[in-house]
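Any value given below was found using the heavy atoms of this structure, including those in side chains, with hydrogens, waters and symmetry copies removed.
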Amino acid sequence: MDRKEKRKLIGKRVAQEMKDGDFVNLGIGMPTESANHIPEGVTVYFQSENGIMGVGATPEKGQEDQNLINAGGGFITEIQGASYFDSCLSFAIIRGGHLDMTVLGALQVDEEGNLANWMIPGKLVPGMGGAMDLVSGTKKVVISMEHCDKKGNSKILKKCNLPLTAQKVVNLIVTDMAVIEVTAEGLVLKEVAEWTSVEDVVKATDANLILSNKIKVFK
Amino acid sequence: MDRKEKRKLIGKRVAQEMKDGDFVNLGIGMPTESANHIPEGVTVYFQSENGIMGVGATPEKGQEDQNLINAGGGFITEIQGASYFDSCLSFAIIRGGHLDMTVLGALQVDEEGNLANWMIPGKLVPGMGGAMDLVSGTKKVVISMEHCDKKGNSKILKKCNLPLTAQKVVNLIVTDMAVIEVTAEGLVLKEVAEWTSVEDVVKATDANLILSNKIKVFK
Amino acid sequence: MPKIISPKEAASLIKPGHRILFGGFLAVGAAERLVDALIEKGTNNLHMIVIATDYDQRGVGKLITNKQIKSIQTSHIGTNKASQAQMNSGEIEIELIPQGTLLERVRAAGAGLGGILTPTGIGTIVEEGKQKINVKGKDYLLELPIEAEFAFIRAYKADKHGNLIYNKTARNSNPTMAMTGKTVIAEVDEIVECGVIPAEDVITPGIFVNYLVRHGE
Amino acid sequence: MPKIISPKEAASLIKPGHRILFGGFLAVGAAERLVDALIEKGTNNLHMIVIATDYDQRGVGKLITNKQIKSIQTSHIGTNKASQAQMNSGEIEIELIPQGTLLERVRAAGAGLGGILTPTGIGTIVEEGKQKINVKGKDYLLELPIEAEFAFIRAYKADKHGNLIYNKTARNSNPTMAMTGKTVIAEVDEIVECGVIPAEDVITPGIFVNYLVRHGE
């Protein structure tokens, strides 16, 4: 599967976590893919932490408003019934637990739900931006990422070894291979992608996986 | 002098503390009198802590807006260029030191600039409302009150014996008898009302007064 | 998207013992229809959080007069004889809090903060039982968040996404209380279609609002 | 009432060593004319507080490219190669702060608070050197106020009292930065008469604003 197909597979599965009426923040990059796959009949309100609730579709070429961007710097539009607010209130919404879900990428996740997604020592560090607040505050933290890194190493570990973004915050991990829930008992393998198998997921995962009774298939 | 005359005398003198462009909060009761005596050519912006900057004149009978009151519950109007904001931002303005002056009444003030103006043990306690924030945050705290209580006792003491509103916050005391500045050295008598004398002010004051070199007269 | 319900339905959500944040100041910006419905329902043992207890027969004061309130966190009760009398008789427990501190404590809860440091109250009886923290040579009180199950909000207009705008000084504490109630019920003059309230004019974003009640109902 | 001045006059207020709060995010809502004037003036050794360092040739990033900045408090430098290079070479000192924490720290200074407790950063390198305080069983970091001599604000319109409104997401951090700068300079598209901006639509009350600069100038 190429990266584009993986991205679509993950985005489709993440979108199924969204319930009608949910308020959702999507991280930059892969997480935004899920916005293209919202199930029929489900209305989701997207926040961007730079101060808008009700992000609409990407504007057509030439229709961009220089004063209307998302947190990734991309041009956006507003839906009818959107609202603008300042960044401080935006992070009050985030930290205060008012969002139903945030979807972020990750470098590493571990068995305790610890998350590392903002720095690799020795490399250029862009900064944590709003990520630490998003995962500390939001009701449901969904990680959307490829199961393994470019070298084929598992990004789901027994224990993160990169500097953390936050402790014990991840609720669900959606990858191109599996859907894994973080529970008090550990990581529970809930679903496996149609193209692969439970054995291959277990093999590709450094962390211990608890195999749920009924492992479903997603595609 | 009757109470009404005293009130006017104090209000006139307090108004002279206001400089062009000042942002001012006036407490309920006597402090509001100063708004009637703003010197010619001076524009002052009045805040009310329930969420308006730019309080205008009292509305005419029948012109009251049920949604437009000041912190004392009285009907007000807005000036052109007023703004409304929520109470939390209003107190951020207050606590953050953005107001140039607040004028409040007092039960007692003492040599350190301590202020007691919110409760008398054993009596009904209305609550401190916004007074503690106003005096903690505002650049210049002016006390506007009668020099002595109804029994003729000095309200300016060596040390307050009522529960404090705040410590070391008062900058200036304006009474029907005197204008007194609170300094690191103590209370400095700056001005005496025309109808009385330095001796009588000293006699009517429990606190030690430092007599400034040039005590002026006000009326 | 908030559900539009009647004042009666709103009142039936409230159970004895619930903590309710009330927007409004001296009955301006108070959700009078919600208060009336709660009086009709008669639910008691409620905890009230409000910046002032209004009047005996106007605003939240009516709930005190009707003896439905067991405890209050407020900055001012001076306009309400019932709350003073019930405080003196011990029927009601009142915590007096400086107004700015009350608002920051409510905001802290809504904003996910564990508390704030304020200079207000230092050297007064307000500091009793509180942790004092010195920052750069100045003492502050650590004031903790005030949470509540419900907030009763009074706004001017809502759109169907629950975005709220307010009328003049009737805004007062409403936006702050709306940030913090776990369930927020807003009483409004009018509910308009999305797009009628320009996105830049919204004061309280709809994400904070769970139910809408029409004031005229 | 704020004074209307030119970008050049505004830049001349800034001295080496000054701390400046910059509104804006990824160059949207950045006071470009004020930044340009400051570049023309060449004042250096400045301390920058901004939620992201924008781009090499757009927004506040231009000041970094021009080596006028000696230290930065920000949440993100990923879009700006100059700030990354100067950080690595040690020319510039950068404190990375979670964005929500940065905003609350700036707000705290403007609101007269001594600090705030946030859960953000617990268990990460952000907690290094900070006091941890446990409230109701949960750990929080005590985060201290961020103050500054100046704030550079970008707004849409101002009235003559300095009341500001903003354009869409160009609002972002501007209202918070405007609360806190000891001297606040707002760059605006238009300065209108008092009364043109309805009092209820004002986002930043004029009390926070000391100077107005026209963006077109």
Could you check if a side-chain atom of D:Phe208 sits within less than 4.5 angstrom of a side-chain atom of B:Ile93, using non-hydrogen atoms only? yes

Test item: B:Leu89 and D:Pro205 side chains (from C-beta on) under 4.5 Å apart, heavy atoms: yes

For B:Gln80 and D:Gly195, the nearest pair of non-hydrogen atoms, with its separation, is OE1-CA, 3.5 Å

Between D:Ala111, D:Ala109, D:Gly112, which shows the greatest number of heavy-atom pairs under 4.5 Å with chain B? D:Ala111

Under 6.0 Å from the NZ atom of B:Lys8, do we count more than 12 heavy atoms belonging to anything else shown? no

A quick test of your reading: do over 12 heavy atoms of other residues, nucleotides or ligands sit less than 6.0 Å from NZ of D:Lys8? no

Over 12 non-hydrogen atoms of neighbours within 6.0 angstrom of NZ in D:Lys3: no

Is there side-chain contact between B:Ile79 and D:His161, with heavy atoms separated by less than 4.5 Å? yes

Under 3.5 Å, side chain of D:Asn163 to main-chain N/O of B:Gly81, donor-acceptor pair present? yes

Compare every heavy atom of D:Ile207 with every heavy atom of B:Met53, then report the nearest pair and how far apart it is. CE-CD1, 3.5 Å

NZ of D:Lys70: more than 12 outside heavy atoms within 6.0 angstrom? yes

Near B:Phe23 CZ, under 6.0 Å, is it more than 12 heavy atoms from other residues, nucleotides or ligands? yes

B:Lys12, NZ atom: more than 12 neighbouring heavy atoms under 6.0 Å: no

For a quick test of reading the model, state the closest non-hydrogen atom pair linking D:Ala199 to B:Glu78 and the distance between them. CB-OE2, 3.9 Å

Can you establish whether the number of heavy atoms outside D:Glu93 located under 6.0 Å from its atom CD is more than 12? no

So, do B:Thr43 and D:Met1 sit near enough that their side-chain heavy atoms are less than 4.5 Å apart? no

Distance-minimising heavy-atom pair for B:Cys88 and D:Arg107: SG-NH2, 3.7 Å

